[in-house]
There are 2 protein chains.
Amino acid sequence: MAFRKENHTKETCSASLNAVKDALYVLNGKWKLPLILTLQDGPKRFNEIQKSIGDITPKILSKELKDLELNEFVIRKVFSTTPVTVTYELTEYSGSLDRVIDELRNWGMQHRERLVMNRKTAPVLEEVLG
Amino acid sequence: MAFRKENHTKETCSASLNAVKDALYVLNGKWKLPLILTLQDGPKRFNEIQKSIGDITPKILSKELKDLELNEFVIRKVFSTTPVTVTYELTEYSGSLDRVIDELRNWGMQHRERLVMNRKTAPVLEEVLG
DNA sequence: CAGGATCCAGGAAGATACTG
DNA sequence: CAGTATCTTCCTGGATCCTG
């Protein structure tokens with residue numbers, strides 16, 4: 001129970017806030033999740049990834065993969081073929097996200113159902129899902 | 001265990017993805033979390049909120065509060081005093097976020113520790129936390 | 001093939017001023 | 001007090017072209 005009253009000093013509170021922001025930050029952006037998902041099929045090469053998630057430009061893909069590398073979710077392997085082959089694959093550590101993602105997914109599903117049941121339109125969600 | 005291999009069809013996968021995106025969306029942005037946190041102290045008025053989280057402009061605060069209302073995390077109450085008094089307070093439903101936030105917070109803390117231990121600088125996190 | 005370089009568009013957020 | 005209106009700025013991400 002994060003941030004509950006009994007433990008609600010400024011210090012613990014802002015520490016908690018920062019931790020949550022850390023977590024949100026590594027998952028945020030348009031491509032992080034799709035990238036992680038597609039790599040769960042196994043190692044893939046740059047162009048394979050690009051095809052599999054469609055419409056991502058090389059620049060963005062490159063940047064996103066570097067982010068994922070920095071956070072140790074993805075490992076980049078270079079093979080000295082000609083021309084060189086580069087593969088990206090998920091690390092074991094990336095599995096630590098499973099619990100978080102699972103929680104987000106469950107909450108997200110019930111939230112959408114709730115809004116629909118209440119016959120409220122939810123522009124914020126519609127925007128995201130098209 | 002989201003997105004695990006055995007259940008990895010395109011349909012279930014993209015449904016899961018969308019649910020996660022829904023959840024991320026409602027928590028995202030610069031002000032959603034700070035706002036929820038400050039309202040955990042109890043109902044507050046517009047200007048009180050503004051002072052308590054510092055540096056948010058009325059326009060942004062107004063918009064963020066409307067988002068939180070749409071998602072049913074916050075309820076707006078108008079009192080016919082002169083001048084009118086408006087309070088914002090958390091709904092019970094907002095408590096459903098506790099589990100999610102808790103999971104995010106725990107993961108965020110261990111992730112930061114991990115990166116520090118590995119002596120990797122983590123630009124992505126440093127940017128966020130200053 | 002695997003990316004980097006350059007330029008550009010759109011949305012989120014800030015500054016400032018104003019109103020019922 | 002509780003916002004709205006307008007203008008500007010910044011930042012993410014996209015388009016296009018280029019190279020070891």
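Throughout, protein chains are lettered first and strands after them, A, B, ... in sequence-line order, and every chain is numbered starting at 1.
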**Asked** Pick one: which of H111(A), E113(A), R112(A), M117(A) meets side chain to side chain contact (heavy atoms under 4.5 Å, CB included) with L115(A)?
**Response** H111(A)
**Request:** Mind calculating the distance between NZ (K44(A)) and C1' (dC1(C)) to the nearest angstrom?
**Result:** 17 Å
Could you run down the sub-3.5 Å N/O contacts of the protein with nucleotides 2-6 of chain C?
residue : atom : partner : partner atom : Å
dA2(C)  : OP1  : R45(A)  : NE           : 2.9
dA2(C)  : OP1  : R45(A)  : NH2          : 3.3
dA2(C)  : OP2  : N47(A)  : N            : 3.1
dA2(C)  : OP2  : N47(A)  : ND2          : 3.3
dG3(C)  : OP1  : R76(A)  : NH1          : 2.1
dG3(C)  : OP2  : Y88(A)  : OH           : 2.4
dG4(C)  : OP1  : K66(A)  : NZ           : 2.9
dG4(C)  : OP2  : S62(A)  : OG           : 2.5
dG4(C)  : OP2  : K66(A)  : NZ           : 3.2
dT6(C)  : O4   : K59(A)  : NZ           : 3.4

**Prompt:** Ion pair present between D102(B) and R105(B), side-chain N to carboxylate O less than 4.0 angstrom?
**Reply:** yes
**Residue mapping more 5' on DNA chain D - nearest nucleotide basis, N28(A) or P83(A)** = N28(A)
**Message:** In this structure, how many angstroms lie between the P atom of dG3(D) and the CD1 atom of I60(B), rounded?
**Reply:** 15 Å
**Fill in**
Rounded to whole Å, the NZ-C1' distance (K51(B) to dC1(D)) equals 10 Å
**Fill in**
Which of E48(B), K44(B), K51(B) passes side-chain hydrogen bond (donor to acceptor under 3.5 Å, both in side chains) with T38(B)? Answer is K44(B)
**Prompt:** Hey, does I49(B) have a side-chain heavy atom less than 4.5 Å from the side chain of I56(B)?
**Reply:** no
**Request:** Could you tell me the separation between the NZ atom of K30(A) and the C1' atom of dA15(D), rounded to a whole number of Å?
**Result:** 13 Å
**Asked** Atom NZ of K77(B) to atom P of dG3(D): distance rounded to whole Å?
**Response** 15 Å
**Request:** Measure the distance from CZ on F79(B) to P on dG3(D) and round it to the nearest whole Å.
**Result:** 13 Å
**Asked** With under 30° as parallel and over 60° as perpendicular, where do the rings of Y93(B) and F73(B) fit, or are they tilted in between?
**Response** parallel
**Request:** Spell out, as yes or no, whether a donor-acceptor pair under 3.5 Å connects the side chain of T85(B) to the backbone of F79(B).
**Result:** no
**Message:** Nearest whole Å is fine: how far is dG14(D) P from L61(A) CG?
**Reply:** 11 Å
**Asked** Quick one: D55(B) CG to dT16(C) C1', roughly how many Å, whole number?
**Response** 15 Å
